[in-house]
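Only a predicted model underlies this, so the values are computations on that prediction, with no experimental measurement involved. By convention in this document, chain letters (A, B, ...) are assigned in the order of the sequence lines, proteins followed by strands, and residues within each chain are numbered from 1.
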Amino acid sequence: MTFGKGHHLHLIDGSAFIFRAYHALPPLTRKSDGMPIGAVAGFCNMLHRYVEGNTGPNAPTHVAVIFDKGSHTFRNDMYDQYKANREAMPEDLRPQIPLTRTATAAFNIACKELEGYEADDIIATLAVQARASGGRCTIISSDKDLMQLVGDGVEMLDAMKNKTIDRDGVFEKFGVYPERVVDVQALAGDSVDNVPGAPGIGIKTAALLINEFGDLDALLERAEEIKQPKRRQTLIDHAEQIRLSRSLVLLDENTPIDFTIDDLEVRDPDADQLLGFLSEMEFRTLSKRVAEVLGREAPAIPDAPAPAVADAPQVADVPFDHSKYEQVSDAEALRVWLDRIYEVGYVAVDTETTGLNEMTAELVGVSLSVEPGQACYIPLTHKASRSDDLFGSDDLAPGQMPFEEALQLLTPMLEDPAILKIGQNMKYDGKIFAQLGITVAPIDDTMLMSYAMHAGLHGHGMDALSERYLGHTPLPIKPLLGSGKSAVTFDKVPMEDAVPYAAEDADVTLRLWQLFKPQLHRAEVTKVYETLERPLVPVLAQMERAGILVDRDTLSRMSNAFAQKMAGLEADIHELAGETFNVGSPAQLGEILFDKMGLQGGKKGKAGKYSTGADVLEDLATEHDLARRVLDWRQLSKLKSTYTDALQDHVNADTGRVHTCYSIAGAATGRLASTDPNLQNIPIRSEEGRRIREAFVAPEGKVLVALDYSQIELRILAHIAQIDALKEAFQRGDDIHAMTASEMFDVPMDQMTPEIRRNAKAINFGVIYGISGFGLARNLRIPRAEAQGFIDRYFERFPGIRTYMDDTKAFAKEHGYVQTLFGRRINTPNIGAKGPQAGFAARAAINAPIQGTAADVIRRAMIRMPAAIADLPATMLLQVHDELLFEVEKGAEDALIAAAREVMENANDPVVKLDVKLTVDAGVGADWAEAH
DNA sequence: GACATCACG
DNA sequence: GACGTACGTGATGTCC
């Protein structure tokens with residue numbers, strides 16, 4: 001049968017099938033030998049579903065699955081950077097590639113590939129031949145590179161969405177019809193394939209230009225006629241690069257294939273061959289389905305719960321049974337556990353303590369687990385319960401081994417480099433052990449594993465993870481400790497309650513670890529976890545334990561001064577209001593201002609209360625003294641309650657210092673968060689607030705050194721969005737906001753006014769946040785139309801920003817997450833939502849790669865810092881997002897600055913190359929105000 | 001415990 | 001064409 005009119009050729013993009021299958025399924029392995037087969041399983045499922053769906057008038061008469069072959073193609077000879085930033089194929093996928101060919105053959109479908117060519121080229125060759133023969137051709141793929149082939153009998157089918165893409169569909173995507181797609185692609189480039197294109201030009205602009213000039217050649221020839229000066233210059237400067245890009249995206253329709261379409265005729269599967277393959281792979285479910293269709297008996301697969309098409313990740317099939325947990329009361333029993341730990345080489349560890357503050361909490365007991373369902377608790381300092389003893393007893397409860405003896409047995413294991421200690425938030429347990437002189441290493445941390453995979457989806461506390469991923473709700477702590485005034489510490493919990501609670505935590509941790517470990521790999525965040533999360537644990541533990549010296553007297557004096565001023569203001573406010581009321585109550589203030597005094601200002605909020613935020617009061621303050629006084633009072637109230645009062649309570653009794661706690665997995669973007677107290681929001685913007693930093697001091701003989709990245713987020717934006725003008729300005733060391741202003745408003749740098757610069761600065765920040773006309777208008781207190789005008793001009797002058805924003809949103813929509821330059825994944829589950837939620841999600845998605853990359857950079861610096869300053873009499877104390885604060889002996893400050901700056905300015909090396917250099921400013925002083 | 005407010009990057 | 005909007009955090013006070 002010669003292919004021609006009335007015939008229908010299906011071409012399946014096999015590599016895309018494999019990729020989708022791999023990422024859609026958990027890391028399944030063949031039960032009998034542990035070979036990874038997840039991608040093959042998914043691939044077979046997709047093929048099966050495809051075959052079953054082929055009925056009716058659209059059924060193909062000819063079909064082939066086309067694969068890529070080898071990583072080097074003729075395009076690499078044209079351009080050595082082609083696809084150069086592609087990540088290497090995951091280790092557990094590589095061995096599955098040949099099996100996908102075998103699978104295709106087992107389905108009795110033609111399977112084609114050609115050395116030195118991409119699948120797309122073979123598809124192009126066949127599609128063009130099919131068209132020439134007068135037949136139809138459907139390309140089963142959603143790859144936009146194939147869209148240039150659509151039309152005149154050729155169409156595309158997105159198998160996952162079951163959506164057909166015809167000429168109009170292509171126009172929707174590219175703004176041009178298929179014959180001009182390569183022109184648009186040549187201009188827009190492609191960051192995934194590393195096709196350069198024209199810098200700053202995205203699909204939208206490219207389509208605009210092509211439609212105006214007809215085609216790419218005409219456009220390049222008549223580039224002088226382009227109205228926008230920047231765009232004109234870009235096209236003139238990069239003409240060669242654009243032509244190269246076109247030849248990269250242009251598919252080869254004349255690949256030297258050694259077969260014809262006639263060889264691709266649809267064939268019925270050979271039942272024996274297909275079922276044989278499926279049973280060899282141990283795909284039980286699929287075998288059954290296929291056998292049913294073929295009217296055959298399902299092949300017997302040796303009893304193994306190999307989940308061919310498992311929908312849910314595999315969780316250890318062991319039920320939670322609290323009665324199985326063991327109380328370890330003597331050395332003999334503990335040795336049995338240690339033997340088991342040495343046998344397997346890892347152990348889940350959890351500590352119970354007298355509190356949540358690691359600096360003051362004391363160890364009460366340790367739990368261990370090496371196998372799901374099996375865990376023990378080693379109580380150490382539980383008190384005897386004597387209900388008649390009102391004063392509390394120091395007597396130890398029975399059934400506990402001596403504290404020292406237990407530690408002597410545990411310490412070698414905890415410090416043994418050959419034994420992996422697994423914890424949920426190991427920073428906590430590590431610090432508890434560190435108090436006792438025990439250095440726990442090496443470690444794994446299930447909280448951080450979850451964070452690497454699930455940031456943005458949910459919290460990473462143990463209870464949440466257990467419920468979500470193990471389907472098990474751990475015993476709550478509340479009933480054991482009580483709450484409020486009657487709350488007790490864990491050492492008062494009776495043994496029969498303590499053992500199941502404590503041991504269960506180790507059990508849960510171990511199960512989560514077993515579940516997460518392979519998933520990390522699957523989600524491609526192993527590197528993030530291993531280089532950005534886990535190594536930070538000991539670094540932060542050291543910083544938190546070091547703490548910073550705070551001068552309580554200074555704070556106390558400030559508190560008193562604030563109190564006096566506040567009293568004066570309060571009296572004024574009451575007099576101006578004509579009655580006394582609680583100034584600290586926004587509700588009461590709102591009534592006074594808007595009801596009693598009749599000022600303008602609308603209701604807001606669900607409670608129907610007036611809004612009395614600073615921006616509202618600021619507007620009123622020009623006319624009403626009351627508003628101004630309230631603003632002043634509020635500022636003082638904030639400084640006093642949150643800082644000068646509260647900080648005094650955080651001074652540790654033993655060390656005389658303040659020890660914050662950093663959460664590594666708190667912020668979705670990769671930033672740290674600081675709590676108890678938060679030392680990342682100590683005032684600086686107002687002069688009065690700034691003075692609070694004078695209370696953060698260096699001890700006698702030492703000084704504080706602060707190093708902070710200069711404009712790190714804008715630099716990263718310039719790099720990611722490829723804004724040449726911004727990059728160059730940074731390289732020159734220009735005032736970046738003034739440069740932006742000059743560029744936008746056509747004002748020469750030497751005639752810049754603070755007003756214009758201020759506008760540009762607000763826009764620069766706005767861009768990082770996912771700018772909107774409304775938001776900018778509010779920030780600058782200008783009409784919305786004017787703000788929109790600024791933004792339009794900004795996009796015009798820096799077109800790369802638009803492209804970045806559009807590309808990022810599109811990526812988030814397609815994948816459900818965005819990434820930093822270092823591969824950190826930030827999930828964006830709401831990106832597809834309807835309504836205002838979508839706006840929030842989109843702006844967060846735009847911001848996350850920028851904020852997250854900056855966070856990654858300083859994390860890398862912090863991880864390298866201990867080694868870099870090991871020989872200096874210096875300690876790293878605090879991190880404030882783009883700043884690191886050190887304490888150093890007088891005389892060594894210059895050496896510290898040199899060493900730390902070196903680490904910080906090169907923190908991106910060698911993983912990420914930045915087009916913009918990072919620079920770090922340094923300051924030295926006796927206190928934090930002076931050092932910053 | 002929800003909400004409003006305000007401190008930081 | 002209208003919708004409502006700057007990104008990321010944590011701590012405090014009021015009020016129910």
Item checked: Side chain Arg784(A) and base dT5(C) donor-acceptor under 3.5 Å -> yes
Margin query: Looking at the base of dG4(C), is there any donor atom on it, or on the side chain of Arg778(A), that sits under 3.5 Å from an acceptor on the other one?
Written below: no
Next item on the list: Apply the salt bridge (charged side-chain N to carboxylate O under 4.0 Å, His left out) test between Glu688(A) and each candidate in Lys565(A), Arg693(A), Lys640(A); give the one that qualifies.
Entry: Lys565(A)
Checklist line | Rounded distance [0.5 Å steps], OH in Tyr451(A) versus CG in Leu457(A) | finding: 12.0 Å
Checklist line | Along DNA chain C (nearest heavy atom to each residue), the more 5'-positioned of Ser637(A) and Ala668(A) | finding: Ala668(A)
Checklist line | Pairing partner of dT9(C) (Watson-Crick or G-U wobble, both distances under 3.5 Å) | finding: dA7(B)
Check: Does the distance from a Lys or Arg side-chain N to an Asp or Glu carboxylate O, for Glu796(A) and Arg793(A), drop under 4.0 Å?
Finding: no
Which of these nucleotides, [options], is closest to any side-chain atom of [X]?
| X | options | result |
| --- | --- | --- |
| Arg671(A) | dC7(C), dA11(C), dG9(B) | dG9(B) |
| Ser641(A) | dA6(C), dT12(C), dC15(C) | dT12(C) |
| Ser772(A) | dA11(C), dC7(C), dT5(C) | dT5(C) |
| Asn779(A) | dT5(B), dA6(C), dG10(C) | dA6(C) |
| Lys638(A) | dA6(C), dG9(B), dA7(B) | dA7(B) |
| Ala614(A) | dC6(B), dT12(C), dG8(C) | dC6(B) |
| Ala667(A) | dG8(C), dC7(C), dA11(C) | dG8(C) |
| Ser611(A) | dG9(B), dT5(C), dT5(B) | dT5(B) |

